[in-house]
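Input: a single structure, listed below in structure tokens.
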Amino acid sequence: MWLVCYLVVGGSVAVLGGGTRWTEHQFRVPVDHFSQFTDPRPTFLLRYLDCTTFCKNSTSAGSTNPTPCPIIFYPGNEAPITAFANASGRLFELAERFSARVIFAEERYYGTSIPQTSTRQRASGQRQGVGRALGSATVGAGVAQSADVNLSSLHVEATARIDGHAYEYLSTEQVLADYAALLGSLGATETRVVAIGGSYGGMLAVYMRLKYGWLVDGALGSSAPLNGGPGGTSPSTFYDITAADYDCAADIRGAFLDLLAALRTPSGLERVRAAFELCTPLLESQTDVLVAVLQAAFGTLAELDYPYAVDFITSKLPANPTTFACAAFERASGGSLVQLAAAAAVAYNSTGSAKCLAIPDDAVFEQYLPGLIDGAWTYQRCTEIVLPCEVAETNSMFLRCSEFEPNCWNASRFADFCLSRYGVKPQLDVVPVQYGGARIASASNILLSNGILDPWRGGGVQANVSSSVTALVIPHSAHHLDLRASNAKDPPQVTLARELEATIVEAWLRPPTH
């Protein structure tokens, strides 16, 4: 069943897609949940979306029965919450099946949920919250109104330092406290609650279960790279899985080698400018960035390798985009550089409306590492959510570490980038100490799903940890495809996985017997 949702804001109704209705609300939370010395404590308004369409036995749905209906809770991640609500139709399907209420909460510093603690922070807060889910490396796909694809406005801005104090109260600890306060206000202690999230949102769903288990009875983390931090899985898995998704990986690798050779000579730089239709001549200082942009594009296509066309935040892609990119590579004429440009353009210019590709003069390689989105999310990746990435010597598609030094993971270089950008350095002990990383055997009622096609699968938990912390690896599935609404083009393995998930969620939502 396809669901239609309406967003009610200030009395107006905006059609977002399908017959379910949610209303937009704001909930006041402290800027700092843990300070005991500020009186009065500064607060801000956290946005959340509330869908009671399927509630039964719920006072909020108009029933005389005072028992509230169960809650399916999405802990918002690194973008405006409406983007995730629109991309997570499966939660509404589960709500209809189990007569549940659906809550989508927006993470602080994204969308409209910006703590207003200083003029400087208000300015920086308006610049972020525009990217995709974790794992996005978007370079401005599908911009219909622009004459050129300007990476400075679509993915990164500039390398000028952003005062990290603008995000001083952005941490997973503060975020989880926001969500716990919200759930408490919604009567979570009087009903059953299941947290469901995708990507970084999947990590937050698991963290909610671990840290606030008396509020959250179970957690489904889809495409959640719990084991992707330092000391976890190999940093090469993202690019290894990406390469495996492309039938033309060897051809693309050959084109990357030709590109690397061309970037070393003045005449080659001009050939590159022409092949990639750059808006301005390519500077020597930009060569590493161009490689990073192309790698990010191919990562995006693998991550969103869905069986139907999608328009997810800034990525507007055709169905089966990795196959589409390989076809574009084969069709292009004019040499390997033109072919490489044609394949990558499926990610950053899928509509074909952009006339040229603009690269910021002062951009740096690190800004295009997998998943980085300028602003609040890169700050989080620079502090707590550190996810190393590099290209292995056996990779069949990209420039290997020994061939292209920026493709070697260098923790010191990344720390220097974070320090120059935000004035902070990675806090490598936060996730392992506070949440255990992938060491969650002592937990219960957690399901972790990963798609075989998803480059972030390598950082996920892919085997059962215990009888109640289980894993589900889904063939023919990309980044949290199992959380999207059911579609006639879904592979049967994805449909089966959703049903298995529904069985587990139903058990968590069922009141315990005494």
Side-chain angles (χ1 to χ4, degrees), residues 2-7 14-20 22 49 74 76-93 104 106 110-111 128-151 153-155 198-201 222-223 245 296-325 327-328 343-354 357 371 373 377 451 453-456 477-490 494:
W2 179 254
L3 302 174
V4 181
C5 291
Y6 302 92
L7 176 61
V15 177
L16 299 179
T20 307
W22 70 59
L49 310 178
Y74 188 102
N77 30 323
E78 72 282 16
I81 193 58
T82 50
F84 296 111
N86 280 326
S88 305
R90 181 59 178 170
L91 275 68
F92 298 103
E93 296 173 354
F104 280 83
E106 186 164 75
Y110 296 94
Q128 51 67 46
V130 296
R132 293 198 293 107
L134 173 70
S136 84
T138 183
V139 290
V143 182
Q145 303 302 321
S146 177
D148 64 294
V149 178
N150 189 333
L151 301 182
S153 63
L154 295 171
H155 179 75
S199 197
Y200 166 53
S222 176
S223 301
D245 288 350
F298 290 121
T300 294
L301 298 181
E303 195 178 335
L304 301 183
D305 200 7
Y306 299 144
Y308 47 79
V310 295
D311 188 353
F312 184 33
I313 306 181
T314 57
S315 292
K316 187 174 183 178
L317 301 178
N320 304 303
T322 60
T323 300
F324 196 95
V346 175
Y348 60 74
N349 188 23
S350 63
T351 65
S353 59
L357 174 64
I373 304 166
W377 180 234
L453 302 179
D454 183 13
W456 292 106
S477 182
H479 202 52
H480 52 72
L481 175 59
D482 52 326
L483 299 191
R484 298 182 69 87
S486 299
N487 189 290
K489 295 182 179 180
D490 285 329
V494 174

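Every heavy atom of this structure was used, including side-chain atoms; hydrogens, water molecules and symmetry mates were not.
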Residue set satisfying ring-ring contact (aromatic ring centres under 6.0 Å, His included) with F104, at least two apart, ordered chain then number -> Y74, F92
Scanning both residues in full, the closest heavy-atom pair of L317 with A347 reads CD2-CA, 4.0 Å
Is the backbone of G371 close enough, under 3.5 Å, to the side chain of W377 for a donor and an acceptor to pair up by distance? yes
Does the side chain of N487 come within less than 4.5 Å of P307's, by heavy atoms? no
Tell me if a side-chain donor or acceptor on E93 pairs with a main-chain N or O of S486 at a distance below 3.5 Å. yes
Could you check whether any side-chain N or O of S350 sits under 3.5 Å from a backbone N or O of K316, counting only pairs where one atom can act as donor and the other as acceptor? yes
Heavy-atom closest contact (A85 atom, W22 atom, distance): CB-CH2, 3.5 Å
Atom pair CG/CG of D454 and L304 - distance to nearest 0.5 Å: 9.0 Å
N/O donor-acceptor pair under 3.5 Å between Y306 side chain and D490 backbone: no
Do you know the tightest heavy-atom contact between A478 and A302? CB-O, 4.0 Å
Quick one: OG on S477 to CZ on R484, what's the gap to the nearest 0.5 Å? 11.0 Å
Between T322 and D245, a side-chain donor and acceptor under 3.5 Å: no
Tell me the closest heavy-atom pair linking P455 and G299, and the distance in Å. CG-O, 4.2 Å
Let me confirm one number: the CZ-NE2 distance from F84 to H480, rounded to the nearest 0.5 Å. 7.0 Å
Please report the interatomic distance CG(L301) to CZ(F324), rounded to the nearest 0.5 Å. 10.5 Å
Do R90 and D482 make a side-chain contact, defined as non-hydrogen atoms from C-beta onward lying under 4.5 Å apart? no
Return the CG to CG distance between L481 and L453, rounded to the nearest 0.5 Å. 9.0 Å
CD1 of I373 to OH of Y110: how many Å apart, nearest 0.5 Å? 7.5 Å
